[in-house]
Asks: 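So that we are looking at the same thing, I have put the structure below in structure tokens.
Per chain, numbering begins at 1; letters A, B, ... match sequence-line order.
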There are 2 protein chains.
Amino acid sequence: MPELVLPPRTRMTASRRAVVDAIGAHEGAFTVVEIFDVAREAHPALGLATAYRTVELLRRTGSVHPLGGGSYVRCRPDHHHHLVCVTCGGVEETELCAAPSDAELRKRHGFRAQGHELDIYGVCKRCA
Amino acid sequence: MPELVLPPRTRMTASRRAVVDAIGAHEGAFTVVEIFDVAREAHPALGLATAYRTVELLRRTGSVHPLGGGSYVRCRPDHHHHLVCVTCGGVEETELCAAPSDAELRKRHGFRAQGHELDIYGVCKRCA
DNA sequence: ATAACTGCAAACGGTTTGCAAGTCT
DNA sequence: AGACTTGCAAACCGTTTGCAGTTAT
């Protein structure tokens, strides 16, 4: 289970607890607004700006990863991808990640995604 | 070479030509604003809204694919991904696609992406 | 002739920011 | 006390839309 960690010198307050717990309980990709709606049930005074700020803190520690289009996923320790150089054959790892959203896969294919593997082909820095 | 095709009942005008040509000449991922800037050199009267509308037309025919975060790629005919069911082992294809942007890979890793392969694992519709 | 298309400017919606009040240590 | 955090509302910015004039077929 990946941990959801805040950066140093930050406090775990009731507002942040609500946001972190909502993310921890969520399956698959999420948007800040989705998390906000859930977190507000536990902590009705929560403001949307605080939800955005808390997700940003989690992103800084690498606890969550933006997929683009406003959606995020919790990062898993074993979740990384490969940059394969077509010139020298070298393989490098990257934590950069993007994949079709769970919602889109569900809607278009009835498919419930659990994880993915991504290999990117191109020319590495040394060969460029 | 993937074709850039407009939907039926649409006209190929000078404005659209400029946008389509700019996309055709572009390598890798692009944003609408980037394409707009290039297309406007060929057709200075071009409006930003028309650039957005034209990219949307190309998306409808599957000629380009949104990656999220506002960036797009031209779709290639051989560019599709796999949905692998962890229950029955079946493999389904999808045209849904997302990958880290070329710009991000370049900035973070000095890597020049050319293509990628993506396998998504989960539970298919029949097994759900 | 007429349905499609255009640029413009205003509207929109998600995200960020400034700030004065409140809270944790 | 003092740094950190909050919710609010205003600002921001990329994108979409309404519209009156123009163009392709």
Asks: Look at the side-chain heavy atoms of Ile, Leu, Val, Met, Phe, Trp and Tyr, link any pair under 4.5 Å apart, and say whether Val19(A) and Leu6(A) land in one connected group.
Replies: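 Linked within one cluster.
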Asks: When you check the phosphate oxygens OP1 and OP2 of dG7(C), does a side-chain N or O of Ser15(B) lie under 4.0 Å from one of them?
Replies: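 So the side-chain polar atoms of Ser15(B) do come within 4.0 Å of the phosphate oxygens OP1 or OP2 of dG7(C), strictly under.
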Asks: Could you tell me whether the side chain of Ile35(A) reaches within less than 4.5 Å of the side chain of Thr54(A), counting heavy atoms only?
Replies: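 No, too far: nothing below the 4.5 Å cut-off.
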Asks: Check the interface with nucleotides 20-25 of chain C: list each N/O to N/O pair with the protein under 3.5 Å, or write none.
Replies:
residue	atom	partner	partner atom	Å
dC24(C)	O2	Arg11(A)	NH1	3.4

Asks: To the nearest Å, how far apart are Arg60(A) CZ and dT16(C) P?
Replies: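 In whole Å, dT16(C) P lies 12 Å from Arg60(A) CZ.
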Asks: What is the separation between atom CZ on Arg17(B) and atom P on dT23(D), rounded to the nearest whole Å?
Replies: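 Atom-to-atom, Arg17(B) to dT23(D), this comes out as 19 Å.
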Asks: What's the CG-P distance between Leu46(A) and dC8(D), to the nearest Å?
Replies: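 Distance check: Leu46(A) CG to dC8(D) P gives 9 Å.
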Asks: Can you tell me the distance, in whole Å, between the CZ atom of Arg53(A) and the C1' atom of dT6(D)?
Replies: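 Taking CZ of Arg53(A) and C1' of dT6(D), I get 7 Å after rounding.
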Asks: Going hydrophobic residue to hydrophobic residue with side-chain gaps under 4.5 angstrom, can you get from Met12(B) over to Val5(B)?
Replies: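 No, Met12(B) does not connect to Val5(B) through the hydrophobic network.
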Asks: Roughly, in whole Å, what's the span from CG in Leu57(B) to P in dA4(C)?
Replies: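 Value for this atom pair: 12 Å.
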Asks: What I'd like to find out is whether the side chain of Arg16(A) reaches to under 4.5 Å of the side chain of Leu57(A), using heavy atoms alone.
Replies: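 Side-chain contact under 4.5 Å: yes.
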Asks: At less than 4.0 Å, is any side-chain N or O atom of Arg16(A) found next to OP1 or OP2 of dT6(D)? Yes or no.
Replies: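 So the side-chain polar atoms of Arg16(A) do come within 4.0 Å of the phosphate oxygens OP1 or OP2 of dT6(D), strictly under.
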Asks: What contact category does Thr31(A) fall into here, base, sugar-phosphate, or nothing, at under 4.0 angstrom with non-hydrogen atoms?
Replies: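 Nothing: the residue Thr31(A), judged by heavy atoms under 4.0 Å, touches no strand.
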Asks: Given atom CG of Leu48(B) and atom P of dT6(C), what is their separation to the nearest angstrom?
Replies: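 Between P of dT6(C) and CG of Leu48(B): 13 Å.
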Asks: Applying a strict under-4.5 Å side-chain criterion to I, L, V, M, F, W and Y, I'd like to know whether Val33(B) and Val64(B) cluster together.
Replies: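 Yes, Val33(B) connects to Val64(B) through the hydrophobic network.
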Asks: Rounded to whole angstroms, how far apart are CZ on Arg9(B) and P on dT2(C)?
Replies: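 Value for this atom pair: 18 Å.
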Asks: Could you verify whether a donor N or O on one side chain and an acceptor N or O on the other, from Ser63(B) and Thr61(B), lie under 3.5 Å apart?
Replies: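 Yes, a side-chain donor-acceptor pair sits under 3.5 Å.
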Asks: If the threshold is 4.0 Å, N to carboxylate O, is there a salt bridge linking Arg59(A) and Glu56(A)?
Replies: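 Yes, this pair counts.
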Asks: What is the distance from CD of Glu56(A) to P of dT16(C), rounded to the nearest Å?
Replies: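 Interatomic distance, CD of Glu56(A) to P of dT16(C): 7 Å.
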